[in-house]
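So the structure is just underneath, and the comments pick up after that.
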Amino acid sequence: MPVSFNLVEDLDAALKAAALAAGLDDAAAFVPEVRTADPRHGDFQANGVLGYAKARKLNPRTTAEKLLAALPASVRELCDVAIAGPGFINFALKPTALLAWLEAHDSVEHLRAGAAAAHAGQTWVVDYSSPNTAKQMHVGHLRSAVIGEAICRMLEFTGARVIRDNHLGDWGTQFGKLIYGYKRWADPKALATEPIEELERLYKLGNDATPDGSPELDEARRELVKLQAGDPENVALWQKFSDVSLAAFAEIYDRLGIKFDHHLGESFYRDKVDRIYRELTDAGLAETSEGALVVFHPEHPRFKTQPFLMRKADGASNYASTDLATALYRAEHFRADGIVVVTDFRQADHFEQLFLTVKKWFAVKGYRLPELHHVTFGAVTGEDGKALKTRSGDVIKLKALLDEAVERSYAIVSEKSPELPEAGRREISRVVGVGAIQYADLSQNRSSNYVFSWDKMLALDGNTAPYLLYAVARIHSIFRKAGVSPGDSAKAKVATPPETPAEIALARKLVKFPDAIRLAMETLRPHFLSLYLFELAGDYSTFNTADKVLVDDPVVRARRLLLCARALLVLETGLHLLGLRTLQRL
Ligand code: ARG
């Protein structure tokens, strides 16, 4: 019996066919709405009958009965079907269907092939991390990097070609003051050892030395004008600022397993804004207000009076102008079907205005509009609820944060597995430490503020990276004991359908992987995948306690090894999608 990757699709298609076959009024408009169900009610539930029946003043239960009567036989082969409550349809998979799915999805390639339909043939640009140059990356850019990378990987898994774009904040008035400070006080030694810190110091000196109305400020402005006019010396300095910043950022990205395809920062768009001013003005969207060029959105409660400022009164471009040019470039040059920008929630208004403007502008010009998503996240706070700072009140250096995670993991690993050689423990703590930071972020709904707690993220129990990484390593150790590879067990077709309650519970959880991916993807919220993996690890652990895997009976052993192999495959695939590395031994 052939089964789809996402069984929801099979059931959805079957119910639509049943609606036609049963001759329901307006059957084409019926949306089954099949979703993963509360496990007490079965595996999947369709609740679309209710809305459909209500809109047509039909009795939902009678409608559901008609649908069931017309269900194709193939569905009855897959699952037990029942009507519940006012007209829900519940589906409980049969063990043979569980086995069919498990056997069909025996490798990451097969999982990917199943998932790829969602975004096949599409190109998505993901703009994430995107820090400002000549400044330390802060914790917000780390969140953006972690969440953005998980979204990139899930998009790729679901078939998209992903373009990873680091949209650096590398242009703006701050460079006049920085150049001013640099030319007077740069310390070559500090630039060689701690470049970003030195640039921050020079900017601060430059800023302090150029108060409003002072001749020094005029001098800093002249430096900026020279930079904008292409003066070779200032351009070279600016380039140097970008280069050292990128080199420092690269260290962090490297440790997180992130590789950008492009670093098309704000500066890249500086010669592309004139076209934007022209097109938006010609389209009747932009108007001059107090010397500035602005876009009002009369239909919007706030933006009808609070316009989108897209060119400053002094004629200079700003964040809005470069972001409008960025949207156009991504649509025209990359032919993006979707654009995702990941920043903290404080930029919500900016992106709402940007997207509203882009939609209207593209419609006037007849440009193809990509799907536009602003993925926001909350603030990171310490356990005291205050902004995350060092004890002395400074910004936390991300490098130091990652180092501390690794050090703390090293202590835990050394305590748990003192028998492992030193180098092995070091390698493990790199994976666990960085994974703990990534996972702590990805395991919660990104919209909430996130409380940074070493104890919580490094706990061996609970929804943490160490817990999941241990689950993976434990399954590997079973295969080591069995003397077979998980890959071979995964391909074996000798297994019988799951039988014991723990086997069945684990198998039922495994077949929900596609739906977890779907949910995480539709909402661009990786925590749905994290939660799924955590629950899967729990079902695996229950199974492992209840049912011995390495028994003598070859049939039982093969069946359980298949479940182990599949749990391993899904856990590893899921963790890799979140951007974590996994290990065979901990
Ligand atoms: N550089 C900005 C910041 O540090 C984030 C940029 C996000 N991307 C964009 N296209 N605006 O807050």
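Owing to the predicted nature of the structure, the values given are computational and were not obtained by experimental measurement. Read the numbers this way: they start at 1 and go in the same order the structure lists the ligands and their atoms.
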- In plain terms, say whether D218 and R222 are close enough for a salt bridge, that is, a side-chain N and a carboxylate O under 4.0 Å apart. no

- At a 4.0 angstrom heavy-atom cut-off, ligand 1 is contacted by D127, S130, N132, H141, H167, Y319, D323, V341, T343, Q347, F351

- Item | Option passing ring-ring contact (aromatic ring centres under 6.0 Å, His included) with H262 (candidates F334, F268, Y128) | F334

- Do you know which of L569, L571, V570 makes side-chain contact (heavy atoms from CB on, under 4.5 Å) with T573? L569

- Message: On a heavy-atom basis, which atom in K397 and which in E197 lie closest, and how many Å separate them?
- Response: CE-OE2, 3.3 Å

- Query: Should R153 and L578 be marked as a side-chain contact (heavy atoms from CB on, under 4.5 Å) after you check the CA-CA gap, both sets of side-chain angles, and the distance that decides it?
  - Reply: CA-CA 7 Å; R153 292 179 184 212; L578 292 175; over 6 Å; no

Ignoring hydrogens and angles, write down the donor-acceptor pairs under 3.5 Å from the side chains of residues 184-192, residues two or more places apart or on other chains.
from, atom 1, to, atom 2, distance (Å)
R184, NH1, Y180, O, 2.9
D187, OD1, K189, N, 3.0
D187, OD1, A190, N, 3.4

